[in-house]
Amino acid sequence: MKTDLFLFFILSVGSSLLKNCSKLTKKHRTLQRTFCHGRHRAGCRHTTQTQWIHSILTTTCLVYRHARRYLNIYLPTAGFEISQTDRYSAVTNKSEACVIANRPFEVGLELRYCAGTIANLNEQEEKDLENRTSDFSVIKTSRRGTCLFLGPARFVNHDCEPNCSFMSAGANVIYFKVLKSINVNDEITTHYGDNYFGVNNQECLCATCERCVK
């Protein structure tokens, strides 16, 4: 009963938030055009003020969009849920999150609701993050360097024979495409890289590597 009430609350708030996000995005675009037009007519007299307002509106929209990605998990059409696994507890000494399918997915389908964003980190931010005990998802790429991985997509674990692949939607948005048929209760996995867990992933603890050892 409590779970049903909780989901009802989440869906109700989520529905309202999605509507507000859409309205806010439209207002942001309208105000942005107004500010640019007004700044041009005023000879840039209020440049600092308009830039400040523009920055607030942009940040607010980003927060709404990020919140919407998490709220999308509870949509009936999402097709997955966040669960937990003890597969990595031998190393982490705790349970870790994982993504489990609650409906079948055929090859070629896209998991648009399991999305995330990538935020670049500078050297100082990377050092500060290393000194924190909080659980953050950090990825390193040859093209973009060290990045912070945010959103529900960060809970998708690695497997050396994954059933999904990373897909890009714009410069910073990530989602997944199904490579193998996924059944109900299957874990949704992707491939982090050939050397993410040591050379040739020799330290990998994924299900595929576990089967190979056995």
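Between the CG atom in Leu150 and the OG1 atom in Thr117 there is a gap of 4.5 Å [rounded to 0.5 Å]. In this structure, Lys94 NZ and Tyr88 OH are separated by 13.5 Å, a value rounded to the nearest 0.5 Å. Taking OG1 of Thr190 as the start and NZ of Lys177 as the end, the distance is 13.0 Å to the nearest 0.5 Å. Remark: His191 NE2 to Cys160 SG distance equals 5.0 Å, nearest 0.5 Å.
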Begin with the C-alpha distance, continue with both residues' side-chain angles, and end with the deciding distance and a verdict on side chain to side chain contact (heavy atoms under 4.5 Å, CB included) for Thr77 and Tyr113.
-> CA-CA 9 Å; Thr77 54; Tyr113 289 131; 3.4 Å; yes
Item to complete: Quick one: do His158 and Phe197 satisfy side chain to side chain contact (heavy atoms under 4.5 Å, CB included)? Show the steps, please.
Response: CA-CA 10 Å; His158 166 89; Phe197 300 99; 3.5 Å; yes
Report task. Show your reasoning for whether side chain to side chain contact (heavy atoms under 4.5 Å, CB included) applies to Leu179 and Asn163. Result -> CA-CA 5 Å; Leu179 298 175; Asn163 50 31; 5.7 Å; no
request  = Let me see the working for Ile73 and Ile82 under side chain to side chain contact (heavy atoms under 4.5 Å, CB included), right down to the final yes or no.
outcome  = CA-CA 8 Å; Ile73 295 173; Ile82 307 300; 3.9 Å; yes
If you look only at distance, which donor and acceptor atoms sit under 3.5 Å apart when one is on a side chain in residues 180-188 and the other is two or more places apart or in another chain?
{"unit_1": "Lys180", "atom_1": "NZ", "unit_2": "Glu161", "atom_2": "O", "d": "3.3"}
{"unit_1": "Asp186", "atom_1": "OD2", "unit_2": "Asn183", "atom_2": "N", "d": "2.8"}
{"unit_1": "Glu187", "atom_1": "OE2", "unit_2": "Asn157", "atom_2": "ND2", "d": "2.9"}

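Ala153 and Gly116 get closest at one heavy-atom pair: CB-N, 3.6 Å. Heavy-atom minimum distance, Phe155 versus Ala97: CD2-CB, 3.4 Å. The shortest heavy-atom contact between Ala169 and Arg112 is CB-NH1, 4.1 Å. Annotation for Phe176 and Cys164: closest pair CB-CB, 4.1 Å, computed over non-hydrogen atoms.
Follow the hydrophobic side-chain contacts under 4.5 Å out from Leu205 and you never reach Tyr192; the two are in separate clusters. Leu75 and Ile100 fall into different hydrophobic clusters, where Ile, Leu, Val, Met, Phe, Trp and Tyr are joined by side-chain heavy atoms under 4.5 Å apart, directly or via other members. Val178 and Val173 end up in different hydrophobic clusters when Ile, Leu, Val, Met, Phe, Trp and Tyr side chains are linked at under 4.5 Å. Val99 and Tyr70 fall within a single hydrophobic cluster, where Ile, Leu, Val, Met, Phe, Trp and Tyr side chains are chained together by heavy-atom contacts under 4.5 Å. The hydrophobic cluster containing Phe166 does not contain Val107, counting ILVMFWY residues as joined when their side-chain heavy atoms lie under 4.5 angstrom apart, directly or transitively.
Atom CD of Glu106 has 12 or fewer heavy atoms from other residues, nucleotides or ligands within 6.0 Å.
Relative to the ring axis of Phe149, Arg154 does not place its NZ or CZ within 45° and under 6.0 Å from the centre.
Between Ser89 and the options Thr85, Asp86, Val91, a side-chain contact (heavy atoms from CB on, under 4.5 Å) holds for only Asp86.
Counting heavy atoms from C-beta outward, Leu111 and Tyr175 have side chains that stay 4.5 Å or more apart. With a 4.5 Å cut-off on side-chain heavy atoms, Arg87 and Glu96 do not count as touching. The closest side-chain heavy-atom distance from Ile118 to Ile174 is below 4.5 Å.
Looking only at distances, no side-chain donor or acceptor of Asn72 sits under 3.5 Å from a matching main-chain atom of Cys114.
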